[in-house]
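Source: prediction; values computed, not measured.
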Amino acid sequence: MTPDFDHIQPPQNFKYKEGSTILKQNYQFKCDNRIYFTPKVYQDLRQHAYRLYVDVMSPIGKYGLGLDFNEVDAIYQKYVEPKLNGQLINETLPDMNTTAENIAMWIWDTFEYHLPEDHSMYELKLFETDRHGVSLNQSIMDGKIK
């Protein structure tokens with residue numbers, strides 16, 4: 001039996017209480033990559049698969065909502081994915097050794113730059129295999145942890 005919602009009216013209070021929430025999104029991409037261990041020792045990765053987890057700190061607005069998930073997706077799709085997915089990332093990312101550590105920091109900075117005011121990155125995890133990955137958070141990126 002399908003419920004009838006016709007009797008439901010807008011609430012008196014849209015927001016339960018003041019605060020923020022952590023929006024959690026995840027993405028996958030494949031890319032080609034040459035990682036250097038020394039100037040002469042490197043490894044070439046072809047169609048290497050990565051899993052990305054992005055957590056965004058978002059204040060809860062007057063209707064009880066944080067930032068729309070679609071807005072986070074739009075940042076990924078417009079600014080991050082075109083530089084990573086299906087690319088030889090040594091050619092599309094800034095001049096750096098394209099290790100998971102450096103890629104994660106670049107992704108963090110890209111999201112942070114494009115998030116709306118009053119929203120910020122909270123945590124980011126980038127896995128290059130099922131068992132191996134790197135993690136960043138606000139304390140690390142703010143330089144509070146070295």
Side-chain angles (χ1 to χ4, degrees), residues 1-36 43-146:
M1 178 175 202
T2 304
D4 179 8
F5 291 99
D6 291 341
H7 66 284
I8 303 296
Q9 298 296 312
Q12 294 291 325
N13 302 304
F14 279 89
K15 187 189 291 193
Y16 178 67
K17 65 190 231 180
E18 293 296 322
S20 293
T21 189
I22 306 298
L23 304 175
K24 300 178 122 5
Q25 308 263 125
N26 70 76
Y27 307 96
Q28 295 181 17
F29 61 90
K30 287 184 180 179
C31 61
D32 298 325
N33 186 10
R34 174 172 281 181
I35 299 173
Y36 286 88
Q43 181 177 5
D44 291 339
L45 304 173
R46 289 178 170 74
Q47 289 298 294
H48 192 65
Y50 292 85
R51 285 189 340 265
L52 172 65
Y53 299 88
V54 175
D55 294 355
V56 175
M57 174 85 75
S58 178
I60 298 173
K62 68 181 182 176
Y63 293 109
L65 300 166
L67 183 65
D68 191 306
F69 290 113
N70 292 321
E71 290 188 57
V72 179
D73 283 343
I75 293 169
Y76 177 77
Q77 292 164 357
K78 185 172 182 179
Y79 301 105
V80 178
E81 185 178 39
K83 301 280 188 178
L84 299 174
N85 197 36
Q87 302 297 319
L88 174 54
I89 61 173
N90 306 82
E91 298 176 342
T92 58
L93 293 182
D95 183 26
M96 64 183 179
N97 193 10
T98 49
T99 61
E101 295 84 349
N102 285 336
I103 296 167
M105 288 184 184
W106 175 82
I107 294 170
W108 178 287
D109 287 346
T110 302
F111 267 101
E112 190 72 23
Y113 182 80
H114 293 287
L115 284 169
E117 189 174 331
D118 297 332
H119 298 76
S120 61
M121 290 294 294
Y122 182 76
E123 187 174 28
L124 182 149
K125 294 178 182 177
L126 180 64
F127 282 84
E128 52 187 351
T129 71
D130 287 339
R131 298 181 11 196
H132 303 107
V134 297
S135 179
L136 302 171
N137 60 41
Q138 287 180 334
S139 294
I140 292 169
M141 292 305 286
D142 289 345
K144 295 175 185 165
I145 298 176
K146 295 181 181 187

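Note: Phe69 CZ to Lys24 NZ = 10.5 Å, rounded to the nearest 0.5 Å. Distance OG/Ser135 to CD/Glu101: 11.5 Å, rounded to 0.5 Å. Expressed to the nearest 0.5 Å, how far NZ of Lys30 lies from CG of Leu45 amounts to 13.5 Å. Expressed to the nearest 0.5 Å, how far NZ of Lys125 lies from CG of Leu136 amounts to 11.0 Å. To the nearest 0.5 angstrom, Ser20 atom OG is 8.5 Å from His119 atom NE2. Atom CG of Leu84 is separated from atom CD1 of Ile89 by 6.0 Å, given to the nearest 0.5 angstrom.
Of all the heavy atoms in Thr92 and Lys83, the pair that sits closest is OG1-O, 2.5 Å. For Ile22 against Met57, the heavy-atom pair with the smallest separation is CD1-SD, 3.6 Å. Here the closest non-hydrogen pair linking Ala104 and Val134 is CB-CG2, 3.8 Å. Among all heavy-atom pairs drawn from Lys15 and Gly61, the shortest one is CE-O, 2.9 Å. Contact record, Phe14 with Lys62: CB-O, 3.4 Å, taken as the closest heavy-atom pair.
You'll find the side chain of Ile75 reaches within 4.5 Å of the side chain of Leu115, heavy atoms only. With contacts defined as side-chain heavy-atom distances shorter than 4.5 Å, the pair Leu52/Asn26 does not qualify. Under the 4.5 Å side-chain criterion, counting only non-hydrogen atoms from C-beta, Thr98 is not in contact with Arg34. Taking 4.5 Å as the limit, some side-chain heavy atom of Trp106 sits within range of a side-chain heavy atom of Met96. Between Ile103 and Leu126, the closest side-chain pair of non-hydrogen atoms falls below 4.5 Å. For the pair Phe29 and Tyr76, the minimum side-chain heavy-atom distance is below 4.5 Å.
The pair Arg51-Asp130 meets the salt-bridge criterion, since a charged nitrogen lies less than 4.0 angstrom from a carboxylate oxygen. At a threshold of 4.0 Å, the pair Arg46-Asp32 does not count as salt-bridged, since none of the basic side-chain nitrogens sits closer than that to a carboxylate oxygen.
Counting only distance, with no hydrogens or angles, the side chain of Ser58 and the backbone of Leu67 share a donor-acceptor pair below 3.5 Å. Of the possible polar contacts, one joining the His48 side chain to the Glu128 backbone as a donor-acceptor pair under 3.5 Å is found. Put simply, the side chain of Asn137 gets close to the backbone of Ile140: a donor and an acceptor are under 3.5 Å apart. Judged by distance alone, with hydrogens and angles left aside, the side-chain atoms of Asn97 form a donor-acceptor pair with the main-chain N or O of Tyr36 at under 3.5 Å. Panel note: side chain Asp4, backbone Asp6; a donor-acceptor pair is recorded below 3.5 Å. Between the side chain of Glu112 and the backbone N or O of Met121, at least one donor-acceptor pair lies under 3.5 Å.
The number of heavy atoms from other shown groups lying within 6.0 Å of NZ (Lys78) does not exceed 12. Summarising the local packing, OH of Tyr122 is surrounded by 12 or fewer heavy atoms from other residues, nucleotides or ligands at distances under 6.0 Å.
A donor-acceptor contact under 3.5 angstrom links the side chains of Tyr50 and Asn33, judged on distance only.
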Step-by-step side-chain hydrogen bond (donor to acceptor under 3.5 Å, both in side chains) determination, Asn85 to Tyr27: CA-CA 10 Å; Asn85 197 36; Tyr27 307 96; over 6 Å; no

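Ring planes of Tyr79 and His114: parallel class, angle under 30° (limits at 30 and 60°).
Ring centers of Phe5 and His7: at least 6.0 Å apart, outside the cut-off.
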